[in-house]
There are 2 protein chains.
Amino acid sequence: MSSSDSNENRNQAVELLQQLGLKEYEAKCFVALSRVPEATAKEISESSEVPRTRVYDAVRILEAQGLVEVQHGNPQLFRAVPVEEAISTLRDQYESRFDTLKDAIEDLDRPAESDSDSVHEVWSLSGTTAIANRTQQLVENTSDELFLLVGHESLVTDDLMGSLSEATDRGVSVIVGTEDQSVRDAIRERVPRAEVFVSKLDWLNTSSDPDDADEVRIGRVLLGDNSTILVSSIDPTTSKERAVYGRGFSNGLVVIVRRLMATGLIRSDDPAKRGGDE
Amino acid sequence: MSSSDSNENRNQAVELLQQLGLKEYEAKCFVALSRVPEATAKEISESSEVPRTRVYDAVRILEAQGLVEVQHGNPQLFRAVPVEEAISTLRDQYESRFDTLKDAIEDLDRPAESDSDSVHEVWSLSGTTAIANRTQQLVENTSDELFLLVGHESLVTDDLMGSLSEATDRGVSVIVGTEDQSVRDAIRERVPRAEVFVSKLDWLNTSSDPDDADEVRIGRVLLGDNSTILVSSIDPTTSKERAVYGRGFSNGLVVIVRRLMATGLIRSDDPAKRGGDE
DNA sequence: GCTTGTGTGATTAACTGGGTTACAAGGATA
DNA sequence: TATCCTTGTAACCCAGTTAATCACACAAGC
């Protein structure tokens, strides 16, 4: 069929619109309208699988949200607002929500950050964006020495390199290891004062349990000021990223990684796979 | 009670989070967690009105979204991600949705904008943000002459003045009328090359039908290049803004407004209140 | 009159999400 | 060891929402 690849986009658009708060019918109607200059309820129904009698409700809501225009008459004509306008209308809505939400949460009784060294606390969090944000945060809070190991190129975002660069600017000694040649080059260019080296990471993946050994791949390892650690892995089936995170000089996880580094295990290229221990 | 004003914020935060796609339980749990450094399921339940047995589900989802961290153990400890991180995680999600949505819609079969003068077509749309966006759009597309009448100060946003300023920069003669002194001053400063005058707008409200005469108040009137018109009104009960919009030199609505302006009805300050004044 | 197409409203079915209960596992205490 | 309490998982029910269908009023054209 002619619109075969367009079909892909249609479904994607419908789904995204639903995630943005529209109902199924509303989303379908809007997408249908976005494909033609204008249409009647009947036409919308035919090209959108939405029952005709329900097109009116859906479109009315869309109109109230500022996503379609109506020409009253018989029959009524409907028209989708241009993409840029639609997006920017939606974006405005959400931006204002973000702003007031931030204020509202900040005005709550404060967490008062239990700051002490948090001896053996290890926290876990998931989701690449969340982990990326936390990484960012940690880099920004490093004052002295930063060690970073990245297992996959896609995790080295522009923002991250920006923060790394800022870190070196304020005198932090930044050391980055990765397997990927292009990433190393990119970092050398964006963060010239960082020390970059090659790392294979295999030793991490095949260390403890041979069964699910190559099931998960390492995402990132970050050690800041010898006292804050973040290690993330990526589940290859779901490609979901999960991370553990600990802080405090005497934190168990921190101690282990510091030890590993001190013995040169991490930085050396082929670290003799120090066998069944862990 | 001590947290009386904090209560306000709590509810607001919960509502906003729900609007951002979280379920009630999830929102409440997150807010509860945001008020303390960390908490167990039991504690969350007590301070959030969420049944304890359901805290786990909610928190698990929050964790998957990167909004809370978990410390595994017995009992499990939960902790909300810092505000900045949370907001920025959410914002990232939505931004990426907006982007892909835009692409998806743009890749659909195009509207092909029925461009001709569209003789008597009049379209209506609603919602202040949508109308503001459309206004913006129209100002940007004006090449020659722009006439703008605003009935309420809040409608003159910073963005709008920016576009007006750009318009004058590219040689468009901009004429703005409003009743509000401060708005006139603001515009004179931000858009020095615009012509600003006083307008009462009463004549519009009380013109045709004496019954619902003072029911609605005029929002804005915009005439671009003598061929594009937008008129909006604000329902005082719902304070919802609705607009009609027409284009084409010979469009009925356009012709009327042009005529009105030619006879000086709009620009004169005290226009002899044609009809049953009030 | 009849027919066709448009718009409104009511009605039913399916689903989602809130609220509750049951219960297994693991410590702590006696 | 037996018992009690807490924690965590899972299943369930109920209600409100939303998808889907149906009935009908109205207007225009034949």
Side-chain angles (χ1 to χ4, degrees), chain A residues 10-11 13-33 36 38-65 67-79 120-124 126, chain B residues 10-11 13-33 36 38-65 67-79 121 123-124 126:
Chain A
R10 273 185 46 177
N11 293 333
V14 170
E15 251 179 58
L16 284 167
L17 285 167
Q18 285 185 266
Q19 289 177 2
L20 292 173
L22 301 201
K23 307 301 173 197
E24 183 183 338
Y25 284 170
E26 296 159 21
K28 283 183 176 172
C29 285
F30 182 78
V31 170
L33 276 175
V36 292
E38 62 192 39
T40 66
K42 189 185 177 188
E43 291 162 347
I44 294 177
S45 164
E46 281 160 357
S47 85
S48 70
E49 314 245 305
V50 175
R52 183 186 62 83
T53 63
R54 307 254 70 215
V55 168
Y56 299 99
D57 310 66
V59 145
R60 196 167 297 133
I61 294 176
L62 288 172
E63 200 255 349
Q65 300 210 344
L67 294 180
V68 312
E69 309 167 64
V70 184
Q71 182 176 359
H72 301 285
N74 205 311
Q76 294 176 307
L77 283 181
F78 307 103
R79 172 203 270 187
H120 278 280
E121 292 185 6
V122 176
W123 295 85
S124 55
S126 38
Chain B
R10 275 185 47 178
N11 293 334
V14 170
E15 254 180 57
L16 283 167
L17 285 167
Q18 285 186 266
Q19 289 175 2
L20 290 174
L22 301 202
K23 307 304 175 196
E24 183 182 337
Y25 284 171
E26 297 158 22
K28 283 183 176 171
C29 285
F30 181 78
V31 170
L33 277 175
V36 292
E38 63 193 39
T40 67
K42 189 183 176 189
E43 291 161 349
I44 295 177
S45 164
E46 282 160 357
S47 86
S48 71
E49 314 247 305
V50 174
R52 183 188 62 84
T53 62
R54 286 309 214 72
V55 169
Y56 300 98
D57 312 66
V59 146
R60 196 168 297 133
I61 294 178
L62 288 172
E63 200 256 350
Q65 299 210 344
L67 295 180
V68 312
E69 308 168 66
V70 184
Q71 181 175 358
H72 302 284
N74 206 314
Q76 295 176 309
L77 284 181
F78 307 103
R79 173 203 272 186
E121 293 184 5
W123 296 84
S124 54
S126 39

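The chains referred to below are lettered A, B, ... by the order of the sequence lines, with proteins before strands, and numbering in each begins at 1.
Rounding to whole angstrom units, CZ of residue A:R54 and C1' of C:dT6 are separated by 16 Å. The interatomic distance linking A:E24 (CD) with C:dA13 (P) rounds to 19 Å, in whole Å. The distance between atom CG of B:L77 and atom C1' of D:dT7, rounded to the nearest whole Å, is 12 Å. Across the protein-nucleic acid pair, A:Q76 atom CD and C:dG5 atom C1' stand 13 Å apart, rounded to whole Å. Atom CG of B:D57 is separated from atom P of D:dC12 by 15 Å (rounded to the nearest Å). Remark: C1' of C:dG17 and CD of B:Q18 are 11 Å apart, rounded to the nearest angstrom. For the pair B:R52 CZ and D:dT6 C1', the interatomic distance rounds to 7 Å; values are reported in whole Å. In this structure, B:L22 atom CG and C:dG17 atom C1' are separated by 14 Å, rounded to whole Å.
Phosphate proximity of D:dA19 to A:Y25: absent, as no side-chain N or O sits under 4.0 Å from OP1 or OP2.
Between atom CG of residue A:L17 and atom CG of residue A:L62 there is a gap of 9.0 Å, rounded to the nearest 0.5 Å.
At distances below 3.5 Å, at least one donor-acceptor pair connects side-chain atoms of B:S126 with backbone N or O atoms of A:E63. Of the possible donor and acceptor atoms, none in the side chain of B:S45 sits under 3.5 Å from a partner among the backbone N and O of B:P51.
Among the heavy atoms of the strands lying under 4.0 Å from A:T53 is at least one base atom, whether or not backbone atoms are also near.
Nearest to the side chain of A:P51, among D:dT21, D:dT7, C:dT6, sits D:dT21. Side chain of A:K42, nearest nucleotide from D:dA20, C:dT6, C:dG18: C:dT6.
Taking all atoms of both residues into account, the shortest heavy-atom contact from B:L67 to B:F30 is O-CE1, 3.3 Å.
Summary of the strand contacts: A:N74 and A:K23 both lie near DNA chain D, and taking for each the nucleotide with the nearest heavy atom, the more 5' one is attributed to A:K23.
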